Amino acid sequence: MRKLLSIVALAVALGGSDAAAEQFISDGWSWTILVPSVAQTDILGSHLRELRNRDERRDTRPPDVSRLGYIPSKARRSANLAAFVKRTRAVDPNGAADLQRLFAEGDVIERIRALIAPVGLRIDNLADVYALWWITAWQAVQGDNDTLGRDMYAAVRAQAARALNNAGGPTRASDAAKQELAEALLVQTALIDGAVEQAKRNPARMRQVRTAVAKGAKSMGLDMAAMEITGGGFVLNGKR
C-alpha cells in the first residue's frame with residue numbers, strides 16, 4: 001500500500017549505500033527475526049495447496065473472525081517493538097538502529113491503523129493483518145505497491161481467516177501472542193512497502209527487494225511466483 005511509505009522513514013537504511021541496503025534486505029527482513037514462534041510457518045501455503053488438491057470451489061460463506069481478534073495493550077506494544085529492535089540488532093546493527101529511530105517517531109502501529117482503515121482492515125485481528133501482509137508481499141514480488149480496492153482486501157481477509165481458523169493454533173493463542181504476531185507482520189509490511197516505493201527508480205535495488213521478499217514468503221510456505229490474486233482472493237496459477 002503506497003500510503004504506508006509515509007510512516008517508514010528508512011532512507012537511512014534503504015537510501016544509503018548499496019551494501020547497507022543489501023545487508024538490511026538480506027538479514028533485517030528474516031521471518032525468524034521479527035515474527036514470534038506462535039506463527040505456524042505454512043498456514044497460508046497449506047491452505048492454497050488444499051484448495052488445489054481438492055479441486056473444488058472455495059467456501060464463499062463469511063468466515064468467523066471473532067477468535068482471531070485481540071485487545072491491544074500499549075505496554076505490550078512497547079515491549080514488542082523493543083524486542084523487534086533487539087532481535088534485529090543481533091544480525092544487523094544498522095538496521096536495528098533504523099528501526100529504533102522509526103519507532104521513536106511515534107506509535108507506528110497506530111499510524112498503520114489509520115492508513116488501512118479506508119480499505120476495511122484492522123490492526124487488532126490476525127485475519128486482517130495476514131491479509132495486508134500477504135497482499136503487500138505478493139505485490140512486492142511483482143515490483144508494485146499500489147493500493148487495491150476494498151473488495152480485494154476483503155476477499156483475502158476472508159481467505160486468511162479460513163486458513164488461520166483451520167490451523168487452530170492462532171485461534172487459541174493469548175491476546176499477548178496475537179498482538180506480538182500482528183505487530184511483527186505490520187512492521188514487516190511497512191518495511192516492504194517502503195522498500196518497494198524507494199526502489200521504483202532503481203531496477204537493481206528492485207531486484208534485491210523482490211528476491212528478498214520472495215525468500216521471506218517461502219519461509220511461510222508461500223511461493224509468490226506460483227500465485228495470483230483474483231476477486232475471490234489468491235489462487236495458484238499453475239506456473240510452478
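When a residue number appears, it is its place in the shown sequence, counting from 1. Model, not experiment: these values are computed from the prediction.
Within the 3.5 Å criterion, the main-chain N or O of P72 finds no donor-acceptor partner in the side chain of D124. Judged by distance alone, with hydrogens and angles left aside, the side-chain atoms of Q159 form no donor-acceptor pair with the main-chain N or O of G232 at under 3.5 Å. No donor-acceptor pair under 3.5 Å is formed between the side chain of D193 and the backbone N or O of T136. Looking only at distances, no side-chain donor or acceptor of E183 sits under 3.5 Å from a matching main-chain atom of I109.
Defined by atom type and a distance below 3.5 Å, a donor-acceptor pair is present between the side-chain atoms of E197 and N145.
Scanning all heavy atoms of the two residues, the minimum distance from G69 to K178 falls at O-NZ, 3.2 Å. The two residues V85 and A96 come nearest to each other via the heavy atoms O-CB, 3.6 Å. The minimum heavy-atom distance between A155 and G233, with the atom names listed, is CB-N, 3.7 Å. Nearest heavy atoms, D223 versus M227: O-CE, 3.6 Å. In terms of heavy-atom proximity, L164 sits nearest to P170 at CD2-CG, 3.8 Å. Here the closest non-hydrogen pair linking A225 and N237 is O-ND2, 3.1 Å.
Under the 4.5 Å side-chain contact rule for hydrophobic residues, V65 and Y153 do not share a cluster. Taking hydrophobic clusters as Ile, Leu, Val, Met, Phe, Trp and Tyr residues chained together by side-chain heavy-atom distances below 4.5 Å, V108 shares a cluster with L132. If you chain together hydrophobic residues whose side chains sit under 4.5 Å apart, L121 and Y70 never meet in one group.
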Exercise for the section: Please lay out, stage by stage, how F103 and V187 fare under the test side chain to side chain contact (heavy atoms under 4.5 Å, CB included). Expected result: CA-CA 10 Å; F103 297 159; V187 168; 4.1 Å; yes

Problem - Trace of the salt bridge (Lys or Arg N to Asp or Glu O under 4.0 Å) decision for E110 with R77 - result: CA-CA 10 Å; E110 284 301 315; R77 180 171 301 159; 3.1 Å; yes

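The closest side-chain heavy-atom distance from I192 to Q188 is below 4.5 Å. Two residues are said to be in side-chain contact when any heavy atoms from C-beta on lie closer than 4.5 Å; N165 and L68 meet this criterion. Residues V129 and L181 fail the side-chain proximity criterion, which asks for heavy atoms closer than 4.5 Å. At least one side-chain heavy atom of E228 sits less than 4.5 Å from a side-chain heavy atom of V235. With contacts defined as side-chain heavy-atom distances shorter than 4.5 Å, the pair V196/Q139 does not qualify. At least one side-chain heavy atom of Q100 sits under 4.5 Å from a side-chain heavy atom of R89. Counting heavy atoms from C-beta on, the side chains of D64 and T171 never come closer than 4.5 Å.
Taking CZ of R205 as the start and NZ of K200 as the end, the distance is 15.5 Å to the nearest 0.5 Å. Atoms CD and CZ, from Q142 and R210 in turn, are 6.5 Å apart once rounded to the nearest 0.5 Å. Taken from CD1 in I123 to CZ in R111, the straight-line distance is 12.5 Å, to the nearest 0.5 Å. Atom CG of N202 and atom CZ of R207 lie 8.5 Å apart (nearest 0.5 Å). Remark: F84 CZ to L102 CG distance equals 12.0 Å, nearest 0.5 Å.
Few gaps surround CZ on R76; more than 12 heavy atoms of other groups in view lie less than 6.0 Å from it. Shown here is K86, whose NZ atom has no more than 12 heavy atoms of other residues, nucleotides or ligands within 6.0 Å.
A salt bridge does not link R113 to D107: none of the charged nitrogens lies less than 4.0 Å from a carboxylate oxygen.
Ring geometry, W134 versus F234: the interplanar angle falls under 30°, so the pair is classed parallel (tilted spans 30 to 60°).
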